[in-house]
Amino acid sequence: MKIQIINGPNLNLLGVREPGVYGNASFDACMTALRRRFPDVELSYFQSNIEGEIINKLHETGFSFDGIVLNAGAYTHTSVAIHDAIKAITTPVVEVHISNVHAREEFRHTSLISGVCRGVIAGFGMDSYRLAVEAIKG
Ligand code: DQA
């Protein structure tokens, strides 16, 4: 089974960025824990701050991988283009957020991508990614 994890803008700063909201751990530590926990899953990781690069990765993996775990960061709330890319591909996408976006500012309460994703996981810290992988594994 092949699963692509995609992190969007500012998530390269995990561990450094707003630790009160996003925690102290880098995403490298999260990937190590995921690979240890799911030795039977081929987990690929991609991060970009650039909307078009995220779309390219969705196109590249969205017809052959078994699942995509997407934390689109702030693009979640703004990107019609990422919405359209998810709609265009056949691989199921699980929307993930580290924080509970519904308990934060109102502009984070709207997601332009939830409706085209298989499901949404938000608010469980880095564990949100594990829950998304579990959901794809079924
Ligand atoms: C986030 C929530 C978004 O609102 C924010 O812009 C992020 C991270 C999360 O993982 O909690 O960059 O997607």
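When a ligand or atom number is given, it counts from 1 through the structure's own listing order. Below, each value reflects all heavy atoms present in this structure, side chains not excepted, and no hydrogens, waters or symmetry copies.
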Check whether any N or O atom of [X], backbone or side chain, sits under 3.5 Å from an N or O atom of ligand 1, and answer yes or no.
X	result
V96	no
R104	no
T76	no
A74	yes

Starting from [atom], find the nearest protein heavy-atom neighbour and note its residue, name and distance.
atom	result
atom 2 (C) of ligand 1	V101 CG1, 3.6 Å
atom 11 (O) of ligand 1	S99 OG, 2.6 Å
atom 1 (C) of ligand 1	H97 ND1, 3.7 Å

| Could you state the interatomic distance from OH (Y75) to CD1 (I54), rounded to the nearest 0.5 Å? |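 It is 6.0 Å, given to the nearest 0.5 Å.
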| Atom pair CD/CE of Q47 and M31 - distance to nearest 0.5 Å | 13.0 Å
| query | When you look at CZ of R108, are more than 12 heavy atoms from neighbouring residues, nucleotides or ligands closer to it than 6.0 Å? | reply | yes
| E106 atom CD: more than 12 heavy-atom contacts under 6.0 Å | no
Heavy atom under 4.0 Å from ligand 1: found in [X]'s side chain, backbone, both, or neither?
X	result
R17	side chain
R108	side chain
I98	both

Is there a donor in the side chain of [X] and an acceptor in the side chain of [Y], or the other way round, less than 3.5 Å apart?
X	Y	value
Y45	D28	no
E95	T76	no
Q4	T61	no

Does ligand 1 have any atom that is closer than 4.0 Å to a heavy atom of [X]?
X	value
Y22	yes
N10	no
E18	no

| field | Centroid-centroid distance, Y129 to F124, less than 6.0 Å | value |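 Between Y129 and F124, the centre distance exceeds or equals 6.0 Å.
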| said: I'd like to check R130 versus L34 (side-chain heavy atoms, cut-off strictly below 4.5 Å). Are they in contact? | reply: yes
| Does H109 reach the main-chain N or O of R104 with its side chain, forming a donor-acceptor pair under 3.5 Å? |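 A pair under 3.5 Å: yes.
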| request: Find all atoms of ligand 1 within a distance of less than 4.0 Å from any non-hydrogen atom belonging to H77, and give their numbers and elements. | output: 3 (C), 4 (O)
| Any idea which atoms of ligand 1 are less than 4.0 Å away from a heavy-atom of N71? | 1 (C), 9 (C), 10 (O), 13 (O)
